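Read the structure below first, then the notes.
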Amino acid sequence: MMKYSLVITNGHVATPNAVLDTDLAIQDGQIAAIGDGLATHAKEVIDAHGQMILPGMIDDHVHINEPGRSDWEDYHTGSQALAAGGTTTMLVMPLNALPARTTDKEFKRQTKIAENKSYIDYGLYGGLVPGNLDEIGKMGNDGAFGYKAFMATTGSDEPGDFKNVNDLELLEGMQEIAKTGLPLLVHAENATITDGLAAEKIAAGKTSIRDYVDSRPPFVEVEAVRRAIYLAEQTNVQLHFVHLSTPAAVQEVKNARDAGLKVTCETCPHYLILDRNKFEQIGPLAKCSPALRDPEIVEGLWSKLFKGEIDTIASDHSPAPMSMKESSTNNIFDIWGGISGCQNNVDLLYDQAVTKHGLPVTDFIRMTAERPAALFGILNKGKLQVGYDADITFLDLNQSYVLKNNDLFYKNKISAYEGFEINDRVTMTILRGKIIYTLAGGFTGNPIGKVLTPHSIGGLSS
């Protein structure tokens, strides 16, 4: 009988089909066996003491602001926050680094920037912006996991910042991206309407949180989703909608998928846990776009989640310094729209989804690990299954804590969830068989995260 380098005992092991009270063995960085009595063949044994043993989360929507805006978040701090929260793989958006990752030259440069800095494995997206069609195929050849595009207005006047596309640019981008076989990830909101409503509010001196929410009504998301789906149908591109916030938009994705189109979607913890009323209580730290919704819309989104119509859950971690979350004039439109939340991907979401709402654990790990791996072609990750990377999260369901800013590893220790009571806690994170974080001892050793490239795309039927 072979000796295993590490065996985890006395845990509830969340496999793709069931939670098993059994042992899990690791050898050469991969899961070597799942079954009873494995500890007698181990060089090292970890007693899980009844904790949940989950596949490390794959967060497929993270903003790291290095280079150019490293004071917002860099690979060191961002990956630490993710690792401490039970995430073992991140896919990084091409903004809000400066310059944005929209050329092959910048894609290659930013791939190297992250070397020896990340505590977790990572992959990079490229971007679709006006005038960069010639860069699409090159970035794909160099390992892009897909391409991000904005239908809503984004960017600044700074040279090199990310810009949104108009309908023609989106259509032509879809045609080019379809050739790569990679997915196009779309922020879907109607730019003309949201910009116009915001301008009207500001001109009338209506600059409260409620005014901001009213300037981005639910239908602007639904309309943009419909438009993007129609254009995708003409181009045969694989389309993935990020951070959907309304059940009506999710329904459009389901309808398209039922019609045979390659369309998937994600939502984020904040669209399930927060609403517009909580936004007013929390303040600017909870500003994001799409805006937080009415409570009944949030409940409708939960219903879609339980029906299996949402493919993935991702953080959309979008950090910024506290100075950008404040306004001397109390004008919410002047404040940065992004939520720092990735450190609480697992514990807060599990508490809300599984413990409080009764979501099956197998559905939780499907949306947070298995499905992202399949959709984006991440090889040998996302499952506690023999032959897969030993990317593992320990979640203690018997620990409760109130989140404080000194718990956070972000470059800027702010979060919309500060003060929330969370009724479980990540106590250990393992990456490819190596312990990278423990709640008791912090981070162990130097960063071992490595850059990933997509293996194959085609997980739409998985």
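Predicted, not measured: the structure shown is a model, and the values here were computed from it. Below, each value reflects all heavy atoms present in this structure, side chains not excepted, and no hydrogens, waters or symmetry copies.
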(request) Provide the closest heavy-atom pair for Ala373 versus Gly382 in the form atom of the first, atom of the second, distance. (result) CB-CA, 4.3 Å

(request) Evaluate the side-chain proximity of Phe409 to Gln343: yes if any heavy-atom separation is below 4.5 Å, no if none is. (result) yes

(request) Check the pair Arg293, Ser245 against side chain to side chain donor-acceptor pair (under 3.5 Å), reporting the backbone distance first and the verdict last. (result) CA-CA 7 Å; Arg293 303 302 185 189; Ser245 64; 2.9 Å; yes

(request) Without swapping roles, check the side chain of Asn10 against the backbone of Gly50 for a donor-acceptor pair under 3.5 Å. (result) no

(message) Before you tell me yes or no, could you show the steps for Thr235 and Gln175 under side chain to side chain donor-acceptor pair (under 3.5 Å), namely the whole-Å CA-CA distance, both residues' side-chain angles and the distance that decides it to 0.1 Å?
(response) CA-CA 5 Å; Thr235 60; Gln175 292 169 335; over 6 Å; no

(request) Identify whether the distance between the nearest side-chain nitrogen and carboxylate oxygen of Arg69 and Glu66 falls below 4.0 Å. (result) no

(message) Tell me if the centroids of the rings in Phe241 and His187 come within less than 6.0 Å of each other.
(response) no

(request) Kindly say whether the aromatic ring centers of Tyr437 and Phe443 come within a distance under 6.0 Å. (result) yes

(message) For a quick check under 3.5 Å, do Glu135 and Thr102 share a side-chain donor-acceptor pair by atom type?
(response) no

(message) Taking Gly140's backbone N and O only, do any of them form a donor-acceptor pair with Tyr147's side chain (distance below 3.5 Å, no angle check)?
(response) yes

(message) What I want to check is whether the side chains of Asn277 and Gln281 have a donor and an acceptor closer together than 3.5 Å.
(response) no

(request) Check the side chains of Tyr401 and Asp407 for a donor-acceptor pair under 3.5 angstrom, ignoring hydrogens and angles. (result) no

(request) Output yes when a side-chain donor or acceptor of Tyr125 lies under 3.5 Å from a complementary backbone atom of Asp60, and no otherwise. (result) yes

(request) Would you please say whether a donor-acceptor pair under 3.5 Å links the side chains of Asp59 and Asn345? (result) yes

(message) Just by distance, no angles: are the side chains of Thr9 and Asp23 close enough, under 3.5 Å, to form a donor-acceptor pair?
(response) no

(message) Between Glu44 and Ser5, do the side chains contain a donor N or O and an acceptor N or O under 3.5 Å apart?
(response) no

(request) Examine the side chains of Asp258 and Asn255 and answer whether a donor and an acceptor come within less than 3.5 Å of each other. (result) no

(message) What I want to check is whether the side chains of Ser318 and His63 have a donor and an acceptor closer together than 3.5 Å.
(response) no

(message) Is the terminal nitrogen or CZ of Lys287 (NZ for Lys, CZ for Arg) located under 6.0 angstrom from the six-membered ring centre of Phe279 and within 45° of that ring's axis?
(response) no

(message) I'd like to know if the side chain of Thr22 pairs up with that of Asp36 as donor and acceptor (distance under 3.5 Å, no hydrogens or angles considered).
(response) yes

(message) Donor-acceptor pair, distance only, cut-off 3.5 Å: does the side chain of Thr194 make one with the backbone of Asn190?
(response) yes

(request) Identify which one of Asp121, Ile120, Ile436 satisfies the side-chain contact (heavy atoms from CB on, under 4.5 Å) criterion when paired with Ile448. (result) Ile436

(request) Step through it carefully: locate the ring centre of Tyr417, locate the ring centre of His270, and say whether they are under 6.0 Å apart. (result) no

(message) Which residue is it: Ile422, Thr429, Asp424? I am looking for the one with a side-chain contact (heavy atoms from CB on, under 4.5 Å) to Val426.
(response) Thr429

